[in-house]
Amino acid sequence: MDALTAHLDELGHGLVTTVHLTVVTTIGALLLGVVVATLRVCPVPLLRSVGTVYVEVLQNLPLLALLVLFVFALPTIGITFPLFTSAAIVIAAYEGAYLAEAIRAGINTVGVGQAEAARAIGLTFSQSLRYVILPQGLRAVVQPMGNICIALLMNTSLAAAVGVVELTQAANNVNLVEAQPIAVFTGAGLAYMLLALLIGRLAGTLERRWAIVR
Amino acid sequence: MSFLYTTFTRRRALTVAATAVTVALAAAGCGDGGSAPALPGKPGDEKVAQSVFDAAPVASDAEIPAGSTMDMIRKRGYLNVGGSLDAPLLSQQNPVTGEIEGFDADMAKLLAKYIIGKPEVKTVTIGTQTREAMLQAKSVDAVFQTYTITTQRATQVAFAGPYLTSGLAVAVRKDETGIKSVTDLAGKTVIVGANTPAVTALPTAAPGSKQVAFATDPQAVQALLQKRGDAYVQDFTLLASGAQANPGMKVVGEPFTTEAYGIGLNREDAQFKEFVNNWLRKIQADGTWAKVWEGTLGSVVEGGAPTPPAIGSVEGS
């Protein structure tokens with residue numbers, strides 16, 4: 001236990017970075033998810049293909065490969081982002097693809113009659129999406145989106161590989177000094193677990209609060 | 001969502017998916033090109049001649065009592081070693097032959113030869129985070145992985161040796177003139193390898209420096225060349241081989257720390273530690289150690305083989 005308590009400062013900084021990265025990335029991924037899901041159901045074939053290609057490419061590449069590509073390949077063509085920003089962009093883009101699929105599933109739960117009614121009273125595509133389809137569709141998939149956010153939290157640990165000192169990297173650094181891997185990584189694991197439980201509870205609460213009778 | 005969707009036929013879906021895969025593969029291909037070759041020097045240079053292994057000593061039966069760890073390894077027919085596959089000059093898998101080459105790898109083969117009579121080694125790649133746990137669980141017999149001897153680690157595992165000493169040094173980009181030694185690093189952004197001694201040594205050697213850690217040595221070199229930091233602090237021999245392979249990088253100053261590397265062993269097994277130490281004394285005395293050094297690390301470091309470190313000379317060994 002000494003191995004943990006002696007380094008609370010370092011581990012605390014790591015935890016803050018993990019939370020920071022998770023929050024920023026979740027917001028980005030949610031926005032991206034809604035946009036891509038919209039693309040995938042929109043009436044313009046070209047935009048639908050763009051949405052499909054985005055989802056297929058991002059879902060079918062390992063996140064670590066994407067991170068390494070983004071951090072090391074982009075500078076060779078003259079584009080360099082700071083490491084934290086790079087990690088946030090890549091993880092948001094990656095998880096955005098998963099969120100888009102969850103949101104699309106939500107959209108598919110909304111009855112066709114709803115959409116037909118929206119068109120019948122003269123709403124445009126974007127209006128029917130904004131006022132009729134998405135509000136109902138998103139409520140249906142709060143829990144799956146919560147699960148993806150938990151996966152996102154776990155995936156932030158990959159940022160350690162590209163130089164972001166988040167919780168996993170902080171634990172690595174502490175272990176390097178203390179050589180107590182079991183204590184150090186159990187501690188870090190518990191912190192991840194608490195954060196994941198928190199996200200799970202939040203998703204559960206939101207789901208109950210936003211539930212509607214259809 | 002038939003109302004928003006015109007029919008999206010299966011055939012089209014397949015085409016799109018295939019395109020996505022092609023794009024993905026192309027992107028992955030670029031990645032390989034981007035992350036710089038890790039092979040140091042001229043491949044083949046750092047190979048230790050077969051004759052060295054042929055001439056290496058083998059333990060007499062008297063040294064291997066029945067029921068001991070050595071006896072178990074001899075009966076098993078191979079030595080279980082924890083190591084790396086990506087450490088140039090130390091323990092790196094040759095992509096052509098599949099052989100693991102380098103100083104650490106060859107030392108492991110020599111120990112296997114000493115116990116079994118032939119250099120049969122099974123290398124388990126382990127991370128620097130898991131070495132203590134792997135040794136405690138006896139998942140590996142020994143760890144050859146530039147395992148720095150520290151007193152904290154010595155409470156968890158036993159160290160035979162030291163079998164090699166080295167030190168941390170500073171590398172910068174070729175056009176850099178402001179950094180001449182480690183003391184110039186104060187206030188600078190310094191690239192380090194994750195889980196290397198540099199992480200803990202830098203705050204004392206260069207107070208006020210900011211660290212950026214990368215998982216592997218090739219990544220760190222690439223990061224230095226891409227200006228993600230002002231300098232790269234790493235083991236001197238690794239830097240020397242990196243500078244040889246990458247003309248855009250140079251090593252400045254002398255090593256500023258002394259790292260003593262030990263062979264990690266199970267802590268409960270004092271008999272095995274004594275056995276390994278005896279073997280080290282033997283190969284140091286008969287010149288095998290120097291031949292292995294010249295065949296590996298010696299290919300990038302000027303001057304002949306150094307005097308091998310005295311066994312048990314470091315606190316923790």
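In what follows, chains are A, B, ... by sequence order, proteins preceding strands, each numbered from 1.
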Structural part of [X] lying under 4.5 Å from a heavy atom of chain B:
X         : answer
Tyr54(A)  : neither
Asn172(A) : both
Ala160(A) : backbone

Problem - Part of Ala223(B) within contact of chain A (heavy atom distance under 4.5 Å) - result: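 For Ala223(B), heavy atoms of backbone and side chain both lie under 4.5 Å from chain A.
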Practice task
Sort Thr196(B) into side chain, backbone, both or neither according to what part of it lies under 4.5 angstrom from a heavy atom of chain A.
Solution key: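 Interface part for Thr196(B): backbone (N, CA, C, O).
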Problem - Spacing of CD belonging to Gln219(B) relative to CZ belonging to Phe72(A), to within rounding of 0.5 Å - result: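 Separation between the atoms: 4.0 Å.
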Exercise for the section: State the CD-CD1 distance between Glu132(B) and Ile182(A), to the nearest 0.5 angstrom. Expected result: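 CD1 of Ile182(A) is found 9.5 Å from CD of Glu132(B).
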Practice task
Only counting residues at least two apart or in another chain, list the ones meeting side chain to side chain contact (heavy atoms under 4.5 Å, CB included) with Leu83(A).
Solution key: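 Leu83(A) satisfies side chain to side chain contact (heavy atoms under 4.5 Å, CB included) with Val71(A), Val164(A), Val212(B), Phe214(B), Arg228(B) once adjacent residues are dropped.
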Practice task
Under the ring-ring contact (aromatic ring centres under 6.0 Å, His included) rule, collect the residues that match up with Tyr192(A), sequence neighbours excluded.
Solution key: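 Tyr192(A): no ring-ring contact (aromatic ring centres under 6.0 Å, His included) contacts found.
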Exercise for the section: Please determine, among Ala194(B), Ala215(B), Ala213(B), the option with the most heavy-atom pairs under 4.5 Å with chain A. Expected result: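 So the answer, after comparing Ala194(B), Ala215(B), Ala213(B), is Ala213(B).
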Handout entry: Qualifying residues under salt bridge (charged side-chain N to carboxylate O under 4.0 Å, His left out), relative to Asp104(B), sequence neighbours excluded
Key =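 So Asp104(B) forms no salt bridge (charged side-chain N to carboxylate O under 4.0 Å, His left out) with any residue.
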Handout entry: Residue-level contacts of residues 146-167 of chain B with chain A, using a heavy-atom cutoff under 4.5 Å
Key =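 Expected list: Gln152(B), Arg153(B), Gln156(B).
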